[in-house]
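In what follows, a single structure is set out as C-alpha cells and then discussed.
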Amino acid sequence: MINFINVSKIYKNDSAALDNVSFKINSKEFVTLVGKSGAGKSTIIKLLIGEEKASRGKVLFGEHEVSRLDHKDIPYLRRKIGIVFQDFRLLPLKTAYENIEFAMEASGKTKQEIDEVIPQVLDMVGLADQSGNFPHELSGGERQRVAIARAMVNRPALIIADEPTGNLDPGNTWEIINILLRINELGTTILLATHNKDIINNLGKRVISLDNGKIIRDEKKGRYILK
C-alpha cells in the first residue's frame with residue numbers, strides 16, 4: 001500500500017529532513033513511527049498526503065506516485081486517507097455529529113448515507129449519546145474520539161494518527177489506542193506517530209524508528225529503544 005523508495009527531503013537551507021529513506025507498509029498493517037522531534041516523522045506524513053514533495057526518490061500510495069500528482073488530484077488522494085491530529089482540529093461551532101457530517105458532505109456523500117453512517121461510527125467510538133455536544137462540552141478524550149470518527153467515516157484505506165494521545169491522560173490514551181486497534185482489525189491500515197514509550201512497548205506492533213532523517217530500526221514487534 002505504502003512504498004517509500006530512496007526518499008530524501010532537502011529544504012532550502014540544505015538541511016535534510018529525510019535522507020535516503022526506504023520502507024514498505026502493507027495493507028491492513030498497524031505501524032508505529034517513533035523518533036525524537038526533528039527525526040523525520042512529520043516529513044514522512046507530509047510527503048504521504050502530498051503536502052510536501054520529495055527532493056529525491058519515490059513516494060507511492062497504492063498505484064499513485066504522490067510526488068507526481070497534479071495539485072488538483074491531491075484532494076482525491078486524501079479522500080483515501082483519514083488523519084487524526086494531536087490538537088483534534090474540530091470545528092468549535094459544530095456539534096460532534098456536525099463535525100463528522102461536514103467531512104462526509106465534503107466528500108460528496110448523500111444525506112441518506114450521512115444519516116445512516118454517522119450514528120454507527122459514533123457508537124463505535126463510544127459517543128452515541130453525545131452526538132449533539134459541542135467540542136467545549138466534551139473532554140479531551142471525547143474530542144479525540146470525535147476526530148477518529150471523522151477520520152474513519154469515509155472508510156479510508158489508511159488512517160494516519162499523528163501524536164493522537166499527546167494531550168491526553170493515560171486512561172484516555174489507551175481508550176484511543178484501543179479504538180485504533182479495533183479499526184485496524186476491521187481492515188484499515190494504521191500509521192501511528194508517537195513519542196509515548198508505554199504505547200510502543202505494549203502494542204507489540206511493527207515499529208519504524210527514525211533519527212536525523214534516517215531509519216535506524218524497523219522491527220515487527222518493536223520497542224522504544226531510542227537514546
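All values below come from the heavy atoms of this structure, side chains included, with hydrogens, waters and symmetry mates left out.
Using modelled atom types, one finds a donor on one side chain and an acceptor on the other under 3.5 Å when comparing N154 with S107.
Within a 6.0 Å radius of CZ in R182, more than 12 heavy atoms belonging to other residues, nucleotides or ligands are found. Around CG of D129, the count of heavy atoms belonging to other residues, nucleotides or ligands within 6.0 Å does not exceed 12. Atom CG of N212 is surrounded by 12 or fewer heavy atoms from other residues, nucleotides or ligands within 6.0 Å.
Q130 approaches A96 most closely through the heavy-atom pair O-CB, 3.7 Å. For the pair W174 and D198, the tightest heavy-atom approach, listed with the atom from each and the gap, is CZ2-O, 3.8 Å. Considering all non-hydrogen atoms of both residues, P164 and I176 come closest at CB-CG2, 4.4 Å. When every heavy atom of I74 is checked against every heavy atom of G50, the shortest pair comes out as CD1-CA, 4.0 Å. Closest approach of E142 to S139, counting heavy atoms only: OE1-N, 2.8 Å. Residue G82 comes nearest to P156 through the heavy atom pair N-CB, 3.5 Å, listed as atom of the first residue, atom of the second, then distance.
Side-chain N or O atoms of E175 include none that pairs as donor or acceptor with a backbone N or O of N172 at under 3.5 Å. A distance-only check finds a donor-acceptor pair linking the side chain of E137 to the backbone of F134 [under 3.5 Å]. A donor-acceptor pair under 3.5 Å is formed between the side chain of N99 and the backbone N or O of L91. For E113 (side chain) and T110 (main-chain N/O), a donor-acceptor pair under 3.5 Å exists by modelled atom type. In this structure a side-chain-to-backbone donor-acceptor pair under 3.5 Å is present from E163 to H195. Counting only distance, with no hydrogens or angles, the side chain of Q144 and the backbone of T165 share no donor-acceptor pair below 3.5 Å. When atom types are taken as modelled, the side chain of D70 and the backbone of D73 share no donor-acceptor pair closer than 3.5 angstrom. A donor-acceptor pair under 3.5 Å is formed between the side chain of E29 and the backbone N or O of N26. Listed for the N184 side chain is a donor-acceptor partner under 3.5 Å among the backbone atoms of K28. In this structure a side-chain-to-backbone donor-acceptor pair under 3.5 Å is present from S22 to N6.
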- Message: What verdict does the side-chain contact (heavy atoms from CB on, under 4.5 Å) test give for V117 and V153, after you've listed the backbone C-alpha separation in whole Å, the side-chain angles of each residue and the deciding distance to 0.1 Å?
- Response: CA-CA 7 Å; V117 172; V153 75; 3.7 Å; yes

- Query: After noting the C-alpha distance and the side-chain angles of I200 and T194, does the key distance pass the side-chain contact (heavy atoms from CB on, under 4.5 Å) rule?
  - Reply: CA-CA 8 Å; I200 296 160; T194 183; 3.9 Å; yes

- Passes side-chain contact (heavy atoms from CB on, under 4.5 Å), E98 versus T95? Steps please. CA-CA 5 Å; E98 290 167 341; T95 64; 3.2 Å; yes

- Starting from the C-alpha separation in whole Å, work towards a yes-or-no answer on side-chain contact (heavy atoms from CB on, under 4.5 Å) for E51 and R78. CA-CA 10 Å; E51 189 174 314; R78 291 180 184 170; 3.9 Å; yes

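By the 4.5 Å heavy-atom criterion applied to side chains, I183 and I190 are counted as neighbours. Looking at heavy atoms from C-beta onward, K205 lies out of side-chain contact with K221 at the 4.5 angstrom threshold. Put simply, the side chain of Y97 reaches to within 4.5 Å of the side chain of I114, judged on heavy atoms. Residues T189 and I159 fail the side-chain proximity criterion, which asks for heavy atoms closer than 4.5 Å. The shortest distance between side-chain heavy atoms of V59 and E65 does not fall below 4.5 Å. Between I25 and F4 the shortest side-chain heavy-atom distance does not fall below 4.5 Å. Side-chain contact between V7 and K58: absent, with no pair of heavy atoms (C-beta onward) separated by less than 4.5 Å. At least one side-chain heavy atom of E101 sits under 4.5 Å from a side-chain heavy atom of I118.
Looking at I83, I81, I49 one by one, the single match for side chain to side chain contact (heavy atoms under 4.5 Å, CB included) with L158 turns out to be I81. Exactly one of V21, L18, V66 qualifies for a side chain to side chain contact (heavy atoms under 4.5 Å, CB included) with L47. That residue is L18.
Geometric assessment of K80 against the ring of Y76 yields a negative cation-pi assignment under the 6.0 Å and 45° thresholds.
Side-chain heavy atoms closer than 4.5 Å link hydrophobic residues (I, L, V, M, F, W, Y) into clusters, and following such links, even through other members, never connects L180 to M1. Hydrophobic cluster membership is shared by I179 and L181, with clusters built from Ile, Leu, Val, Met, Phe, Trp and Tyr side chains linked at under 4.5 angstrom.
Atom-to-atom distance recorded for K109:NZ and R155:CZ is 8.0 Å, nearest 0.5 angstrom. Note: D19 CG to R56 CZ = 7.5 Å, rounded to the nearest 0.5 Å. Expressed to the nearest 0.5 Å, how far NZ of K94 lies from CD1 of I100 amounts to 12.5 Å. Within the model, atoms CG of L191 and CZ of F30 stand 9.0 Å from one another, a figure rounded to the nearest 0.5 Å. A distance of 15.5 Å separates NZ in K214 from OG in S209, rounded to the nearest 0.5 Å. Between the OH atom of Y11 and the OG1 atom of T43 there is a distance of 4.0 Å, given to the nearest 0.5 Å.
In summary, R206 and E219 do not engage in a salt bridge, as defined by a charged side-chain N under 4.0 Å from a carboxylate O.
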